[in-house]
Amino acid sequence: TIRPILIHPDPRLKKLCDPVAQVDDEIRKLADDMLATMYDAPGVGLAAPQVGVLKRVFVMDCVKDKTTAPEPMVLINPEVTWTSEESNVYEEGCLSIPDQYAEVTRPKEVRMRWLGLDGQLHEEQFDGLWATCAQHENDHLNGKLFIDYLGPLKRQMITRKMEKLKRERARVT
Ligand SMILES: O=C(O)C[C@@H](Cc1ccccc1)C(=O)SCC(=O)c1ccccc1
Ligand SMILES: [Zn+2]
């Protein structure tokens, strides 16, 4: 089921999310809905707080083009265990801040450890868009948005635009 994506500014997007106690049917349904919501947007990642669930879960599928098979990943209670010295600059977007893009510098590679839907612990190193996306999603679990890396003026301009968008959406619905 596709769930509505919260739009910034929203207090739930700034909260520290809670760890998942156990991988049960509720978490499996959440992950399924998050993947459906991500593909529908479309996006390459989605974090649980973006659909109003303050739990430490995010999904990713960063395969660039349609020709390659989808590679959905579900990361529960993810932790960053290592980041590279080298950094990358990437023009990021966010499904909770529609149509706004800005350059963000992050470590080029990141190693993460998480609990999978299979209840097993996984550890993997990401690079390229996967690394950028994994760090962007992990930030969401700590109430951090990519605009928090920008200067105050640019962040304020984007926030003002989102407030206007929300006013307009509230009017027509
Ligand atoms: O808000 C989110 O977490 C999703 C976000 C993830 C992300 C994108 C770019 C850099 C870092 C993290 C998005 O997916 S925005 C949409 C997007 O970037 C995209 C959409 C379709 C195809 C390719 C990219
Ligand atoms: Zn985002």
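Counting starts at 1 for both ligands and their atoms, following the listed order.
For ligand 1, the polar-atom distance check against Thr132 finds no nitrogen or oxygen pair separated by under 3.5 Å.
Using a non-hydrogen distance threshold of 4.0 Å, Glu91 does not register as a contact of ligand 1. For Ala47, the closest heavy-atom approach to ligand 1 does not fall below 4.0 Å.
Summarising the contacts of atom 15 (S) of ligand 1 with Ser96, Gly93, Cys133, Pro98, the nearest heavy atom is found in Gly93. Closest heavy-atom approach to atom 23 (C) of ligand 1 among the candidates Val59, Leu129, Val44, Leu46: Val44.
Asp24 has no carboxylate O lying under 4.0 Å from a charged side-chain N of Lys29, or vice versa, which leaves the two without a salt bridge. Using a cut-off of 4.0 Å between Lys/Arg side-chain N and Asp/Glu carboxylate O, Glu103 and Lys154 are scored as not salt-bridged.
The distance from ligand 1 to the heavy atoms of Glu137 drops below 4.0 Å at these ligand atoms: 2 (C), 3 (O), 4 (C), 6 (C). Against a heavy-atom cut-off of under 4.0 Å, Gly43 is close to the following atoms of ligand 1: 14 (O), 20 (C). Using a 4.0 Å cut-off to heavy atoms of Gly45, the atoms of ligand 1 that qualify are 2 (C), 3 (O), 4 (C), 14 (O). Contact atoms of ligand 1 toward Gln50: 1 (O), 2 (C), 3 (O) (distance under 4.0 Å to a heavy atom of the residue).
Closest heavy-atom contact between Lys108 and Ala131: O-CB, 3.3 Å.
A donor-acceptor contact closer than 3.5 angstrom is absent between the side chains of Thr83 and Glu109.
Contacts with ligand 1 closer than 4.0 Å are made by side-chain heavy atoms of His140 only, the backbone lying farther away.
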